[in-house]
Amino acid sequence: MAAEPKYRRIAADLAERVRAGDFGADGALPPQRTLSEQYGVTLMTLRQALQVLQDEGLIEQRPGRGTYVVPPEVAHDQANLRSLADELNAQGVPLRTEVLARQVRRLPRPVAAELGLEAEDPALRLERLRSVRGIPLLHQVSWVPQPWAEALKDVDFELTPLYSAIAAAGGTRPERAEEALTAEALSSRLAGLNGTTEGRPALVMRRTTFDGTGRAYVVDTATILDERLRIVTDRRTSEVTHTWRFG
């Protein structure tokens, strides 16, 4: 049985690195000469490997600029109440979640009003950064009141979606949600999460989720960090569907 060509082995390794998000937020691969030296092959062999990845739609050659990862298409159907993580998991998109902060603390007055609670009431504040292939897409801050706050404070949210954790803790599931989109300037901290510019306009989605009894039980703020993540509306005579797309 013939050995697998070297360029095929290199292509497979590069494909794995692309899917793991090894090439940073801008998706730029190292120069071809650098890659050929890393793999110990000629430029011709390296270019054969890159052609395999390009044929598979993983990378693209930009004349005069280099080689870049093709952003994955990410769609989030807002016509249902599944979380972004659930949506992407169903599509096989490798979403990475990083927990930036979590603590049980007093509710801010605006969030308390959304939940129908007092500003002094304790709630879990969960701050997460959601990325695909190493590209930071969303910054999320979620507030969850008692009785779930204490039960959720030790959950591994890098692996477990928030709504799944709440359902496991108390059987509550989303019945409906109210969402509002606004354009706001990125703070220096949020801009720094994906190396963009402070003050750049960004879409911010605020969502309040209700259970079957009409009780609000999650208030969530999601800031879109990457301008390639778009909200697309498909309008028909009988329905309107919103999706998030990346690319």
Side-chain angles (χ1 to χ4, degrees), residues 20-21 23-27 69 71-78 81-89 91 93-105 107-108 110-112 114-115 123-145 149 152-153 155-166 174 177-209 217-232 242-247:
F23 296 110
D26 64 355
V69 174
E73 178 150 327
V74 175
H76 178 39
D77 185 355
Q78 294 175 277
L81 292 174
R82 289 196 297 190
S83 69
L84 177 64
D86 289 337
E87 281 287 334
L88 300 191
N89 287 337
Q91 298 172 42
V93 177
L95 178 73
R96 178 177 181 270
T97 297
E98 179 184 357
V99 176
L100 302 180
R102 72 163 88 196
Q103 62 184 142
V104 176
R105 52 185 287 187
L107 284 166
V111 176
E114 289 290 329
L115 292 168
L124 174 69
R125 180 187 184 274
L126 177 64
E127 181 181 6
R128 294 167 292 173
L129 180 64
R130 325 302 288 272
S131 305
V132 172
R133 290 185 187 168
I135 303 171
L137 298 185
L138 288 173
H139 172 267
Q140 288 184 281
V141 174
S142 303
W143 289 89
V144 186
L152 299 178
K153 65 181 183 180
V155 171
D156 185 355
F157 286 109
E158 294 190 356
L159 298 175
T160 306
L162 176 59
Y163 289 103
S164 297
I166 294 173
E178 294 178 358
E179 296 178 347
L181 274 173
T182 59
E184 300 180 12
L186 280 179
S187 66
S188 59
R189 178 171 178 268
L190 293 191
L193 291 177
N194 75 337
T196 190
T197 306
E198 179 183 359
R200 179 178 65 80
L203 282 178
V204 178
M205 176 179 287
R206 290 183 171 83
R207 168 172 165 156
T208 302
T209 302
Y217 71 103
V218 178
V219 172
D220 185 82
T221 300
T223 303
I224 298 175
L225 299 176
D226 195 294
E227 64 271 18
R228 288 170 291 182
L229 185 60
R230 299 168 291 134
I231 297 176
V232 179
H242 306 283
T243 59
W244 292 4
R245 295 180 185 170
F246 182 58

So do the side chains of [X] and [Y] get within less than 4.5 Å of each other, counting heavy atoms only?
X: Val111; Y: Arg125; value: no
X: Ile224; Y: Leu138; value: yes
X: Thr197; Y: Leu186; value: no
X: Gln140; Y: Leu162; value: no
X: Leu115; Y: Val219; value: yes
X: Glu98; Y: Pro136; value: no

For the student: nearest non-hydrogen atoms of [X] and [Y], plus distance:
X: Ala177; Y: Arg207; result: CB-NE, 3.7 Å
X: Leu225; Y: Leu129; result: CD1-CD1, 3.6 Å
X: Phe157; Y: Thr160; result: CD2-O, 3.4 Å
X: Gly199; Y: Ala185; result: O-CB, 3.7 Å

**Report entry** Donor-acceptor under 3.5 Å (Arg102 side chain, Lys153 main chain)
**Finding:**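 Yes, because the side chain of Arg102 sits within donor-acceptor range (under 3.5 Å) of the backbone of Lys153.
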Rounded to the nearest 0.5 Å, what separates atom [atom1] in [X] from atom [atom2] in [Y]?
X: Thr97; Y: Glu158; atom1: OG1; atom2: CD; answer: 7.5 Å
X: Thr209; Y: Glu114; atom1: OG1; atom2: CD; answer: 11.0 Å
X: Thr208; Y: Tyr217; atom1: OG1; atom2: OH; answer: 12.0 Å
X: Asn194; Y: Ile135; atom1: CG; atom2: CD1; answer: 9.5 Å
X: Thr182; Y: Leu203; atom1: OG1; atom2: CG; answer: 8.0 Å
X: Asp226; Y: Leu193; atom1: CG; atom2: CG; answer: 12.5 Å

Report task. Test Glu127 against His139 for side chain to side chain contact (heavy atoms under 4.5 Å, CB included), laying out the working first. Result -> CA-CA 8 Å; Glu127 181 181 6; His139 172 267; 2.7 Å; yes
Report task. Decide side chain to side chain contact (heavy atoms under 4.5 Å, CB included) for Arg189 and Leu100; before the verdict, give the C-alpha distance in whole Å, the side-chain angles of both, and the deciding distance to 0.1 Å. Result -> CA-CA 12 Å; Arg189 178 171 178 268; Leu100 302 180; 4.1 Å; yes
